[in-house]
Amino acid sequence: MSISLIVPSTKKLTHEQKQSCPHSCMLKWRQDKLLVRRRNLDNHPCLTTLENDQRLTECLKRSPVKLVSLDYELGETQLKRWADACEQARKPVFLRVPSLRELPRKRRPLKWFIKRIIDVLAASFLLLVLSPILLLLAFLVRMSSPGPIFFKQWRIGKRGKFFRILKFRTMVVDAEKLHHQVMGDMPGLHKCKDDPRVTPLGRWLRKYSLDELPQLINVLRGELSLVGPRPWALYDAVRISPEGKRRLNARPGITGSWQVEARSTLLDLETINHWDLDYLRRWSVRQDLILLLRTIPKVLSGFGAY
């Protein structure tokens, strides 16, 4: 069954309105899943942004649907709004991604289970040992600039599932709203060496990857692994090729091949994806241990960090 979630009117939408309207979609029910696809709204307007978001959240709360699947062609703005609404409605939300047969959890389920056990034990140990440092960094972030201690951002995880990655805040408040203004039409991974949104303390935290320590909580939640592919942000995930999106089936990691070999010295999305797919094809517990050991000197030296 298909449903068009639109509001009739004779007024046409501007390009910006069509891109930002969370109701410019085709909805399909499949058992307990809601599949959301993009549709053309040349002759259909939508409610105001606030009304749309409120109505969408309320509809999801009342709906019996147990899972929401989003098509990446919806674009970054709509993906974020649907994800926000699903979070408020407590509905899990996934990005629709092509299948990947090379996943190690399918080829080596026992060893992959061991990898997960190592992740939980190591993350628990590190959080316990580093807790005084985490408290000190949290205090410094709070005192250095106004705003929350933690920065939370939507990332794409295992099987395309959306999750909030945790970091110590390194930018000014509402920096996300200025993202495209700063990055412009930058090709490849959206990273800027002289990003004006970054605070002085934030630059130091980023240089030694201290801002990423809260991601150990994501590891305990099962959203991240210690070692794995890069966790793509929405503005990067929507720009990679359909072939590259296969990699979004795997659980991402705090560190991995790209972080060890190149980091910010290589920003090409397809090359990074190629490295990640190669990692998954050749995966082993031994390889993960090697990458973890190689990460330590890279972090201490501030290699490629900004």
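- Within 6.0 Å of the CZ atom in R281, the count of heavy atoms belonging to other residues, nucleotides or ligands exceeds 12.
- With sequence neighbours excluded, the residues forming a side-chain hydrogen bond (donor to acceptor under 3.5 Å, both in side chains) with E76 are H180, listed by chain and number.
- Counted by atom type alone, S241 and E270 present one or more donor-acceptor pairs between their side chains at under 3.5 Å.
- Counting only heavy atoms from C-beta outward, the side chains of S225 and R251 approach each other to under 4.5 Å.
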| message | Let's go through L189 and L269 carefully: what are the C-alpha distance in whole Å and the side-chain angles of both, what is the deciding distance for side-chain contact (heavy atoms from CB on, under 4.5 Å) to 0.1 Å, and is it a yes or a no? | response | CA-CA 6 Å; L189 194 64; L269 297 178; 4.1 Å; yes

| query | Given the rule in the side-chain contact (heavy atoms from CB on, under 4.5 Å) test, do V219 and V120 qualify, once you have shown the distances and angles that lead to the verdict? | reply | CA-CA 7 Å; V219 175; V120 172; 6.0 Å; no

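- At least one side-chain heavy atom of D195 sits less than 4.5 Å from a side-chain heavy atom of M183.
- For the pair K207 and W204, the cation does not sit on the ring face, since its NZ or CZ is not both under 6.0 Å from the ring centre and inside 45° of the axis.
- Less than 6.0 angstrom separates the ring centroid of F150 from the ring centroid of F168.
- The only option from R282, R116, K115, R294 that meets the salt bridge (charged side-chain N to carboxylate O under 4.0 Å, His left out) definition with D288 turns out to be K115.
- Proximity of R230 to D276: side-chain heavy atoms (C-beta onward) are separated by under 4.5 Å at one or more points.
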| message | Test side-chain contact (heavy atoms from CB on, under 4.5 Å) on I156 and L234; report intermediate values, then the result. | response | CA-CA 7 Å; I156 307 299; L234 296 185; 3.6 Å; yes

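- A heavy-atom distance below 4.5 Å is not found between the side chains of I254 and N218.
- Side-chain contact annotation: R169 with S145, donor-acceptor N/O pair under 3.5 Å present.
- Contact check for L226 versus L216: side-chain heavy atoms found under the 4.5 Å cut-off.
- Taking a 4.5 Å side-chain heavy-atom cut-off between Ile, Leu, Val, Met, Phe, Trp and Tyr, the cluster of M171 extends to V198.
- L34 places a side-chain heavy atom less than 4.5 Å from the side chain of L60.
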| task | Check step by step if side-chain contact (heavy atoms from CB on, under 4.5 Å) holds for I118 and V285. | result | CA-CA 10 Å; I118 293 174; V285 174; 4.2 Å; yes

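- Side chains of S63 and W29 form a contact here, defined as non-hydrogen atoms less than 4.5 Å apart.
- Side-chain contact between W283 and W112 is present, with at least one heavy-atom pair separated by less than 4.5 Å.
- Ring-plane geometry between W154 and F162 is classed as perpendicular, the angle between the planes exceeding 60 degrees on a 0 to 90 degree scale with a lower cut at 30.
- Taking 4.0 Å as the cut-off between side-chain N and carboxylate O, D84 and R164 count as a salt-bridged pair.
- No donor-acceptor distance shorter than 3.5 angstrom exists from the side chain of R155 to the backbone of I165, with no hydrogens or angles considered.
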